[in-house]
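Reviewing the structure listed below.
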2 protein chains.
Amino acid sequence: MTRSRAGSRPTMRDVAVAAGVGLKTVSRVVNGESGVTPATAGRVRAAIAELGFRRNDSARLLRTGRTASIALLLEDLGDPFSSALSRAVEEVARARDRLLFAGSSAEDPRRERELALAFCARRVDGLLIVPAGDDHRYLLPEAAAGTPVVFLDRPGTGIEADAVLSDNAVGARAGVRHLIRHGHRRIGFVGDLPHIHTCAARLRGYREAMVEAGLPVDERWIATGPTDRATVARSVARLTGGPGAVTALFTGNNRITLAALHHLPTGAGRPALVGFDDLELADLLDPGLTVVAQDPAGLGTTGARLLFDRIDGDRGPARRIEVPTRLIARGSGEIPPAAH
Amino acid sequence: MTRSRAGSRPTMRDVAVAAGVGLKTVSRVVNGESGVTPATAGRVRAAIAELGFRRNDSARLLRTGRTASIALLLEDLGDPFSSALSRAVEEVARARDRLLFAGSSAEDPRRERELALAFCARRVDGLLIVPAGDDHRYLLPEAAAGTPVVFLDRPGTGIEADAVLSDNAVGARAGVRHLIRHGHRRIGFVGDLPHIHTCAARLRGYREAMVEAGLPVDERWIATGPTDRATVARSVARLTGGPGAVTALFTGNNRITLAALHHLPTGAGRPALVGFDDLELADLLDPGLTVVAQDPAGLGTTGARLLFDRIDGDRGPARRIEVPTRLIARGSGEIPPAAH
């Protein structure tokens with residue numbers, strides 16, 4: 001289909017001769033680098049078009065056994081958490097001259113598996129996964145064949161592999177302690193599905209903070225489940241309504257916080273709120289939103305560096321790294337308990 | 001390094017024989033599909049590990065002349081606009097069994113060129129670009145060789161190629177008309193760098209709305225430049241301060257709106273505000289933020305479909321498609337003019 005496939009393939013040297021320039025000049029134009037005048041670049045491009053020359057990294061890379069690409073498998077490429085993480089991974093990959101494949105599991109373990117195996121079948125040099133499923137044995141043959149895997153945000157299961165996680169339990173404990181310090185005794189927890197690692201760890205942090213303060217936990221104060229707007233609205237209404245109502249809420253991720261903000265009781269009965277994960281306009285709300293902020297860029301950078309250590313031959317035992325979270329007080333978490 | 005490279009490569013058939021299952025079962029396990037019991041999958045995986053079998057799509061694809069991948073080059077993978085667009089592109093690519101390369105130009109024309117050419121050198125089947133630079137002749141040889149390019153958000157320059165854009169001028173005109181309808185006569189425009197296509201089109205829409213309402217435009221009401229917080233703060237202070245102050249602002253993109261929100265005069269002198277681009281918590285602000293919302297997912301879906309039409313052989317003339325924007329009134333754009 002392309003001219004370069006017909007007959008003998010033109011080389012950069014052919015282009016240099018045809019354009020009457022040096023090989024380095026052709027290389028600069030071909031790689032999009034600067035340092036070539038527009039007139040010269042135009043001549044080189046005309047020669048490239050004339051000869052049908054095309055740079056072909058895939059063929060070159062095939063001979064090296066490396067593809068100079070890594071893959072990043074996220075929950076949802078469109079989520080702010082995922083996109084901040086992706087950008088950080090991209091920067092590390094760029095510094096190492098690797099291109100980035102990206103894909104979303106959409107929280108579907110089967111889609112995760114399909115995509116991860118598709119990336120491996122393209123022979124990416126390494127794989128970063130925010131796992132959706134809880135069985136990663138399907139990656140054992142890939143790992144054995146030398147494709148390193150690093151899990152982000154949640155650990156993998158059934159496979160010895162590196163994991164870079166937020167300090168979920170520590171962060172949640174700090175958020176709930178903050179509410180306790182502001183006088184709350186009846187504190188609700190609204191979380192994701194409890195089998196998800198991050199939800200389980202954050203719920204553990206909630207319980208730890210309550211126990212260390214000598215506060216009982218009424219199991220009716222804990223609502224876990226899907227994070228759609230309607231479900232969270234029902235949970236918030238249940239936890240904050242009636243005589244046994246909580247005076248404060250801890251929400252377990254950014255989607256839950258966002259949904260809860262739309263359905264909080266207002267006025268004097270407004271509960272205090274601390275959310276896990278920051279949101280973009282959080283400081284402009286009234287009151288400002290108090291959060292336990294994660295560091296998605298830190299997760300991405302740390303995970304990508306670890307992956308490149310493995311690509312470079314590090315065969316040490318699997319590591320688990322926790323990236324710190326940070327409590328940011330802005331108002332919603334400092335509301336005192338309403339009198340009941 | 002991997003066992004599969006030593007000696008003759010094991011095939012799926014070898015795995016099927018070793019595991020005592022059919023070829024279809026091996027294929028299901030290898031591709032991560034469901035419909036295999038855990039016990040059988042375990043047996044297949046053991047045989048895969050034993051034989052050192054690995055699925056290799058790259059080798060297979062090399063023979064077809066297609067790489068079953070497309071590339072998406074964004075301004076910033078970490079920006080909410082880009083991430084919504086990416087996710088939409090990913091879904092179209094997935095439906096067409098293509099994997100997605102993603103990269104950020106960081107608004108640097110040289111980085112755009114390097115990345116675009118690196119993607120082409122991997123022989124992606126097609127390229128989607130949100131352009132940072134204003135000279136895309138470097139893509140002419142790639143286009144001539146049969147790699148289709150579709151520009152998103154901003155058109156390409158120096159190359160005949162498809163472009164999918166927001167209806168920037170129409171949207172900005174609607175936003176400014178909305179302010180005029182609410183009694184404003186002195187309206188400021190805070191925009192990006194004026195050579196950027198989107199900024200120029202939105203500024204045109206602003207001028208059109210003023211002209212059609214018979215309103216003069218004082219050039220001091222127009223502030224264009226970098227979109228960092230400090231620059232926008234200075235522009236907002238200049239436009240909204242002093243005796244000739246504007247009573248309303250139109251902000252040209254999400255970063256500018258966000259910065260402006262942090263530096264608006266408060267109280268009775270608060271100007272009305274309409275922003276181009278929506279923000280996640282816009283409805284929870286007080287007043288709610290009135291915006292001209294773009295449809296980044298629509299841009300991504302439309303652009304990706306167009307790209308696949310081209311990949312499938314559509315050789316028609318270059319098309320330019322405009323994706324509609326939508327005015328969402330929430331309060332900030334309906335503030336009446338303060339008495340001066």
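Here is the naming used below: chain letters follow the sequence lines, and residue numbers restart at 1 for every chain.
- Under the 4.5 Å side-chain criterion, counting only non-hydrogen atoms from C-beta, Ser82(A) is not in contact with Arg87(B).
- Ranked by heavy-atom pairs under 4.5 Å with chain A, the list Gly78(B), Ser69(B), Ala71(B), Ala297(B) is led by Gly78(B).
- Of the atoms belonging to Val44(A), not a single heavy atom falls under 4.5 Å from chain B.
- In this model, no donor atom of one side chain and acceptor atom of the other lie less than 3.5 Å apart for Asn254(A) and Thr257(A).
- Annotation: side chain to side chain contact (heavy atoms under 4.5 Å, CB included) contacts of Glu33(A) (sequence neighbours excluded): Lys24(A), Arg28(A), Asn31(A), Glu114(B).
- Between chain A and the options Glu91(B), Arg111(B), Arg45(B), heavy-atom pairs under 4.5 Å are most frequent for Arg111(B).
- A distance-only check finds a donor-acceptor pair linking the side chain of Thr67(B) to the backbone of Arg123(B) [under 3.5 Å].
- Classification of Arg96(A) and Asp312(A) as a salt-bridged pair holds, one side-chain N sitting under 4.0 Å from a carboxylate O.
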Practice task
Determine, stepwise, if the pair Arg98(B) / Val92(B) fulfils side-chain contact (heavy atoms from CB on, under 4.5 Å).
Solution key: CA-CA 9 Å; Arg98(B) 253 71 164 204; Val92(B) 177; over 6 Å; no
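- With respect to chain A, the highest number of heavy-atom pairs below 4.5 Å among Ile48(B), Asp286(B), Leu99(B), Leu85(B) belongs to Leu99(B).
- Checked for salt-bridge contact, Glu75(A) and Arg255(A) meet the test: a charged N lies under 4.0 Å from a carboxylate O.
- With a threshold of 4.5 angstrom between heavy atoms, Glu112(B) does not approach chain A through any atom at all.
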Exercise for the section: Would you sort out whether Ser105(B) and Ile129(B) count as a side-chain contact (heavy atoms from CB on, under 4.5 Å), showing the intermediate values? Expected result: CA-CA 9 Å; Ser105(B) 68; Ile129(B) 304 188; over 6 Å; no
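- Side-chain contact annotation: Arg54(B) with Thr147(A), donor-acceptor N/O pair under 3.5 Å present.
- Listed options Pro38(A), Gly42(A), Gly32(A) were ranked by heavy-atom pairs under 4.5 angstrom with chain B; first place goes to Gly32(A).
- Listed by chain and number, the residues in a ring-ring contact (aromatic ring centres under 6.0 Å, His included) with Phe101(B) are Phe101(A), Phe119(B) (sequence neighbours excluded).
- Contacts between Leu285(A) and chain B at a heavy-atom distance below 4.5 Å involve backbone atoms as well as side-chain atoms.
- Applying the side chain to side chain donor-acceptor pair (under 3.5 Å) criterion to Asn253(A), with sequence neighbours excluded, gives Asp192(A).
- Of the listed residues (Gly103(A), Pro80(A), Pro296(A)), the greatest number of heavy-atom pairs within a distance under 4.5 Å of chain B belongs to Gly103(A).
- Counting heavy atoms from C-beta on, the side chains of Ser34(A) and Arg113(B) come closer than 4.5 Å.
- The stretch residues 258-266 of chain B places Leu258(B), Leu261(B), His262(B) near chain A, each with some heavy atom under 4.5 Å from a heavy atom of that chain.
- Comparing Ala106(B), Pro141(B), Ala121(B) by how many heavy-atom pairs each has under 4.5 Å with chain A, the most go to Ala121(B).
- Residues Thr251(B) and Val232(B) have side chains not in contact (no heavy-atom distance under 4.5 Å, counting atoms from C-beta outward).
- Residue Asp76(B) touches chain A through both its backbone and its side chain, counting heavy-atom pairs closer than 4.5 Å.
- The contact between Leu115(B) and chain A is made entirely by side chain atoms (from C-beta outward), counting heavy-atom distances below 4.5 Å.
- Residue Ala68(B) touches chain A through both its backbone and its side chain, counting heavy-atom pairs closer than 4.5 Å.
- Chain A forms the most heavy-atom pairs under 4.5 Å with one residue out of Arg110(B), Glu90(B), Glu142(B), Glu280(B), and that residue is Glu90(B).
- Note: Leu77(B) leads Leu279(B), Asp135(B), Leu77(B), Val29(B) in heavy-atom pairs under 4.5 Å with chain A.
- Of the listed residues (Ser86(A), Ala84(A), Ala102(A)), the one with the most heavy-atom contacts under 4.5 Å to chain B is Ala102(A).
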